[in-house]
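Okay, structure first, notes after.
As the structure is a computational prediction, the values presented were derived from the model and not from experiment. Each chain gets a letter, A, B and so on, in the order its sequence line appears, and its residues count up from 1.
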Amino acid sequence: MPSADLDLPFTLLAACALVVIGLAGMLLRRSLLVTVMGVELCLLGAALAFSAYAIARGDPVGLAAGVVILLVGAVWAVIGSALALTLFRRRGTVNIDELRELRG
Amino acid sequence: MTSWILDLCLAAAVLAAVGVVALENPVRSTSALVTCFGAVAAALAALGAPVLPGVALWAGVGAVGLLLLVTVLLLNLSVDERGRRIVRLLPALALPALAVVGAGLFAIVWEAAPHSAASMLPDANAVALAVTDDLTLPVAVSLTALAFAIVAALVLVRRRA
């Protein structure tokens with residue numbers, strides 16, 4: 001199947017936008033769950049960029065790397081959800097500014 | 001013909017990502033994340049990528065989205081976070097720096113992009129061979145990490161405070 005419909009600049013721009021928006025979510029929001037979602041957005045942007053490269057080059061390894069990145073995103077979602085549930089059970093909130101035990 | 005579909009899906013993905021960060025209600029943020037995953041899966045399908053749209057739907061919408069949505073609903077965060085400032089003020093000053101980071105990131109990514117597209121797309125067999133032959137160790141490590149994460153999550157959640 002020819003890849004004549006590949007709009008590489010817009011795809012890469014969208015991938016970079018996803019990464020930057022994820023970084024903004026991690027920096028700006030106080031909720032641990034939204035921070036987890038920000039990391040997910042970053043990983044999704046990386047997977048999209050890998051896939052666009054792979055399709056542009058005709059290289060299947062890039063698509064396989066995208067699969068690995070999405071698996072890592074699933075791992076992170078499991079860990080983040082468990083952390084949020086544990087944090088809420090112990091502290092009654094998921095506001096990351098209220099975690100002050102290790103603050104000097 | 002599919003170029004405008006690809007652009008539409010990518011624009012929807014970026015808009016949904018903005019919604020993840022901008023929406024105050026965590027349920028709506030999670031729904032926007034699910035929408036973003038779905039839009040990226042549709043964009044990958046419009047690109048003609050094999051395997052990956054299904055994986056994005058399975059991992060993104062089925063696993064990540066539903067897991068986070070159930071967590072948000074269990075915690076009832078829309079009540080818990082009500083009346084609090086949800087946005088950090090000082091890091092918000094870093095928005096111009098984030099714009100610079102984004103521009104630099106795009107410049108690097110664009111510099112590495114190929115200038116001529118390949119004539120043939122890799123098929124599903126080639127992707128499966130790449131997963132099992134070229135990326136055996138990363139796939140094994142990520143699957144092992146997924147198994148450990150599920151066990152650790154169960155232990156964490158079941159432990160009484």
Side-chain angles (χ1 to χ4, degrees), chain A residues 1-3 5-8 10-14 16-21 23-25 27-31 33-34 36-37 40-41 44 48-49 51 54-61 63-68 70-75 77-79 81-82 84-86 88-90 93-95, chain B residues 2-3 6-7 10 13-14 17-18 20-21 26 29 33 40 44 47-49 52 55-56 59 63-64 67-68 71-72 75 80-81 86-88 91-92 94 98 101-102 105-106 109-110 113-114 117-122 126-127 130-131 134-135 138-139 142 145-146 149-150 153 156-157 161:
Chain A
M1 183 190 304
S3 57
D5 297 324
L6 174 61
D7 189 359
L8 192 60
F10 194 59
T11 308
L12 291 179
L13 189 64
C16 292
L18 286 180
V19 172
V20 171
I21 292 168
L23 283 175
L27 282 174
L28 299 182
R29 294 293 299 266
R30 293 164 181 264
S31 171
L33 278 171
V34 181
V36 172
M37 292 181 211
E40 293 291 342
L41 286 178
L44 189 61
L48 183 61
S51 307
I55 290 167
R57 293 179 189 273
D59 183 11
V61 180
L63 291 171
V67 172
V68 174
L70 289 175
L71 277 177
V72 171
V75 172
V78 171
I79 294 174
S81 300
L85 280 171
T86 307
F88 188 79
R89 182 180 289 173
R90 295 190 177 196
T93 181
V94 288
N95 192 328
Chain B
T2 57
S3 179
L6 172 66
D7 293 347
L10 290 174
V14 172
V18 170
V20 171
V21 179
S29 288
L33 182 68
V40 168
L44 289 171
L47 278 172
L52 217 57
V55 175
V64 175
L67 190 63
L68 290 174
T71 305
V72 168
L75 300 184
D80 176 61
E81 298 294 316
I86 60 163
V87 175
R88 298 166 161 202
L98 274 176
V101 167
L105 187 65
F106 180 70
V109 165
W110 180 246
S119 58
M120 297 294 286
L121 284 179
V127 176
V131 167
D134 297 321
L135 296 178
V139 171
S142 57
L146 182 58
I150 291 173
L156 270 178
V157 172

Starting at [atom1] of [X], measure out to [atom2] of [Y] and round the result to the nearest 0.5 Å.
X: A:Phe88; Y: B:Thr71; atom1: CZ; atom2: OG1; result: 12.0 Å
X: B:Leu47; Y: A:Thr11; atom1: CG; atom2: OG1; result: 5.0 Å
X: A:Arg90; Y: B:Leu156; atom1: CZ; atom2: CG; result: 7.5 Å
X: B:Trp110; Y: A:Leu8; atom1: CH2; atom2: CG; result: 5.5 Å
X: A:Leu28; Y: B:Leu98; atom1: CG; atom2: CG; result: 7.0 Å

Notebook entry, point to check: Checking A:Val34 against chain B: side chain, backbone, both or neither under 4.5 Å from a heavy atom?
Noted result: side chain
Check: Side chain, backbone, both or neither: which part of A:Val78 has a heavy atom under 4.5 Å from chain B?
Finding: both
Notebook entry, point to check: For B:Val55, which of A:Val68, A:Leu63, A:Leu70 qualifies under side-chain contact (heavy atoms from CB on, under 4.5 Å)?
Noted result: A:Leu70
Notebook entry, point to check: Does any heavy atom of chain A fall under 4.5 Å from the side chain of B:Leu67, the backbone, both, or neither of them?
Noted result: both
Distance-minimising heavy-atom pair for [X] and [Y]:
X: A:Met37; Y: B:Leu33; answer: CG-CD2, 3.8 Å
X: B:Gly102; Y: A:Val20; answer: CA-CG2, 3.3 Å
X: A:Leu18; Y: B:Ala13; answer: CD2-O, 3.9 Å
X: A:Phe10; Y: B:Asp7; answer: CD2-OD1, 3.3 Å
X: B:Ala149; Y: A:Ile79; answer: CB-CG1, 3.7 Å
X: B:Leu68; Y: A:Ser81; answer: CD2-OG, 3.4 Å

Check: Who pairs with B:Val109 by side chain to side chain contact (heavy atoms under 4.5 Å, CB included), at least two apart in sequence or on another chain?
Finding: A:Leu12, A:Cys16, A:Tyr53
Please identify, among [options], the residue contributing the most non-hydrogen atom pairs under 4.5 Å to chain A.
options: B:Ala56, B:Ala153, B:Ala17; answer: B:Ala17
options: B:Val139, B:Leu135, B:Ile150; answer: B:Leu135
options: B:Ala63, B:Ala126, B:Ala59; answer: B:Ala126
options: B:Val131, B:Leu44, B:Leu105, B:Val101; answer: B:Leu105

Please identify, among [options], the residue contributing the most non-hydrogen atom pairs under 4.5 Å to chain B.
options: A:Ala17, A:Ala54, A:Ala14, A:Gly73; value: A:Ala14
options: A:Ser51, A:Ala82, A:Ala64, A:Ala77; value: A:Ala64
options: A:Leu44, A:Leu71, A:Val72, A:Leu23; value: A:Leu44

